[in-house]
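Data first, discussion second: the structure below is written as structure tokens.
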Amino acid sequence: MVSFRATTRTAVLIVILCSIALDSRAQTQGLHPGILQPLTANPLLELQSRIGSDAVRNTLLAMEGAIDAEDYILGPGDLLKINIGGILPISRSVSVSITGNLALPDAGIISAAERTLAEVVKEAQAALREQHRNVPVDIYLQQPRLFYVHVTGSVPEPGRYLMIPLSRVDNAVFQAYFSAFLNRAVPVVDDPSNPTSEEPIVVSSPLTPPARERPKLNENYRPALRNVSVTHRDGSQQSVDLIRYYTFGDTKDNPYLRDGDVIAVHSFHASRDGVRVSGQVQYPGIYDLRPGDTVRDVLSLASGPGGLEALDTVRLARSPRSSQTETMILSLDGPDSTVALQASDHIIVPVSNPATAAIQGRIQYPGTYQILDGKTTLRELVDMAGGPKADANLRSAFIERRKSLDFLESERISNLDFFSRHFAQSFTSQPAIRVNVDIEAALKSDSADVILYDGDRVVFPRDENTVHVYGQVPQPGLVRFVEGQSISEYIEAAGGSGPGSRAVYVFDGATGEVRKGEGGSAKSGDTIFVDRMSMAETPEIAQLLFTEKRSKRTARIQTTQVIVAGVTAITSVITTVVAVRSLNQ
């Protein structure tokens, strides 16, 4: 009996609790029809919620970081999320209407367009807390809106472009420059319906309009990216320097866009309106002039971040209309750097390429080293390179001068014969001039300094303990060096003197000195040359030799004839004189 009564009381209690819960749920649904309850679902509201969440989840925006509520300006289409805490929390996505208003659940309507996010959130929270007391109220931007801006001026594709509030001026300018490439028709070669067609089928995207044709910009005019003007809907204007933004990355020079902004990319005449920068800078070229620009302002753009620190003085060439071009030397350390620029000014940054010299061969650290042109010595360069290695042949080391400006003109060789001219020209065509110096002696501390110049090359060959024998010998090449061995013995090691040989010359590997004859001995690195008599190796040379001999023979005959004629004339004169004297007697 007790058990039955207890069971009855429990059942009655459950029914009462269920009725209370159902009544409270019904009241809640009446107050907040957008809330989905676990027992009963509204299919339309569920579909709307799912579409909204999917849209947010599938929309990927490139962000620079969290937005600043104090800077973000709301407009029609911005989607805000409202969360109201409590036993039954309320979560609602509300967008700013096309009239610029924001409808709050049970709290009325407030104005939102053209106001910062922080201002609207503060006002909305105050209104909602009047209706929902003692519960937390959170409001935040769920998804930014889309809006149009207008790009005009010297861009390939002026017109209207879709942007978001996180877009900057350069985003719109970039689209106006490259939309013609992004929206152009795409050729499709493989057409299954027309396999024999040789012409590709052109398919245009239905989402983008065809490119608008307009006259091309005159080649003398360029886009003035330093003077891009942005006009807002309230009539206010901004002048944007995109070149400065590209150089230093300061976002103040590339502000956010607003709904309906008109972006005008003006143009300027390159030679008449621009400022030219040339010389040793990272970005030489022509820059459009902004009001109040100084020499330092434009040089900072041309030299890049930190580039001004390497500059001391520059030249400013100015071309007044009434006189000749004026040239000023400006120091960047003083007030000269604040000289105001004028259109068509030319800033010249002096080029100061450092002088270098190369050292190669058997050296500890071969390579190219920076030197002081005309001041650095050979010993200093060798010390920088760590000194020669143990197997370096100091006697055969040499210096080549590759940038000599004193000996580049051709000598007057018109009075030489064919063979002499050919022989002389074989030296003038060489890319480098050998500096005759005894490097082994020059490296000693008590010797005179050998001065190096820009482009010099110092070579330390390996000491192979050989003597080079060539010329009229059967086996020209390298012969093993033997201390004290005579010149004739080196020639015999190369097979001896060949037929037609005559003089022997020895070239000292250290000084380049040449001595004739087989007397004395050679050192490692020396060269022995066995000369031969003149002979024609080709028909052309033989013809030249024959012509030269015939010319010489003809010249001798003519000389003889002249002498005979002269003697005959003198004889006639003498005979006449004698005859006259005989008659007088």
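None of the values given here were measured: they were computed from a predicted structure. The residues of the chain are indexed from 1 along the displayed sequence.
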Should [X] and [Y] count as side-chain neighbours, where that means a heavy-atom distance under 4.5 Å?
| X | Y | answer |
| --- | --- | --- |
| L289 | F268 | no |
| P388 | V382 | yes |
| P156 | F178 | no |
| T116 | L74 | no |
| S95 | D78 | no |
| Q342 | R318 | yes |
| Q238 | P255 | yes |
| V173 | I263 | yes |

Under 4.0 Å between a side-chain nitrogen and a carboxylate oxygen: does that hold for [X] and [Y]?
| X | Y | result |
| --- | --- | --- |
| E114 | R258 | no |
| R168 | E64 | yes |
| E219 | K216 | no |
| D138 | K81 | no |
| R226 | D288 | no |

Determine the minimum heavy-atom distance between [X] and [Y], stating which atoms define it.
| X | Y | result |
| --- | --- | --- |
| L141 | L79 | CD1-O, 3.5 Å |
| A385 | Y369 | CA-OH, 3.5 Å |
| T294 | T338 | CG2-O, 3.5 Å |
| H150 | G260 | CD2-O, 3.9 Å |
| V281 | V349 | CG1-CG2, 3.5 Å |
| L381 | A357 | CD2-CB, 4.1 Å |

Would you find more than 12 non-hydrogen atoms of other residues, nucleotides or ligands less than 6.0 Å from [X] atom [atom1]?
| X | atom1 | value |
| --- | --- | --- |
| K389 | NZ | yes |
| R290 | CZ | yes |
| I329 | CD1 | yes |
| D250 | CG | yes |

Looking only at side chains, do Q237 and T231 share a donor and an acceptor under 3.5 Å apart?
yes

Going from [atom1] on [X] to [atom2] on [Y], what distance comes out if it is rounded to the nearest 0.5 angstrom?
| X | Y | atom1 | atom2 | answer |
| --- | --- | --- | --- | --- |
| L330 | R296 | CG | CZ | 11.5 Å |
| I164 | L146 | CD1 | CG | 7.5 Å |
| Y453 | L372 | OH | CG | 12.5 Å |
| S344 | H269 | OG | NE2 | 11.0 Å |

Can you see whether F460 has R362 sitting over its ring - NZ or CZ less than 6.0 Å from the centre and within 45° of the normal?
no

Verify, without hydrogens or angle tests, whether Q360 (side chain) and R457 (backbone) share a donor-acceptor contact under 3.5 angstrom.
no

Which side-chain N or O atoms in residues 304-314 pair as donor and acceptor under 3.5 Å with protein atoms at least two apart or in another chain?
none

Under the side-chain hydrogen bond (donor to acceptor under 3.5 Å, both in side chains) criterion, do D336 and S331 qualify, and how do the steps go?
CA-CA 6 Å; D336 290 346; S331 174; 5.2 Å; no

Pick out which of V151, V149, L257, D253 makes a side chain to side chain contact (heavy atoms under 4.5 Å, CB included) with V169.
L257

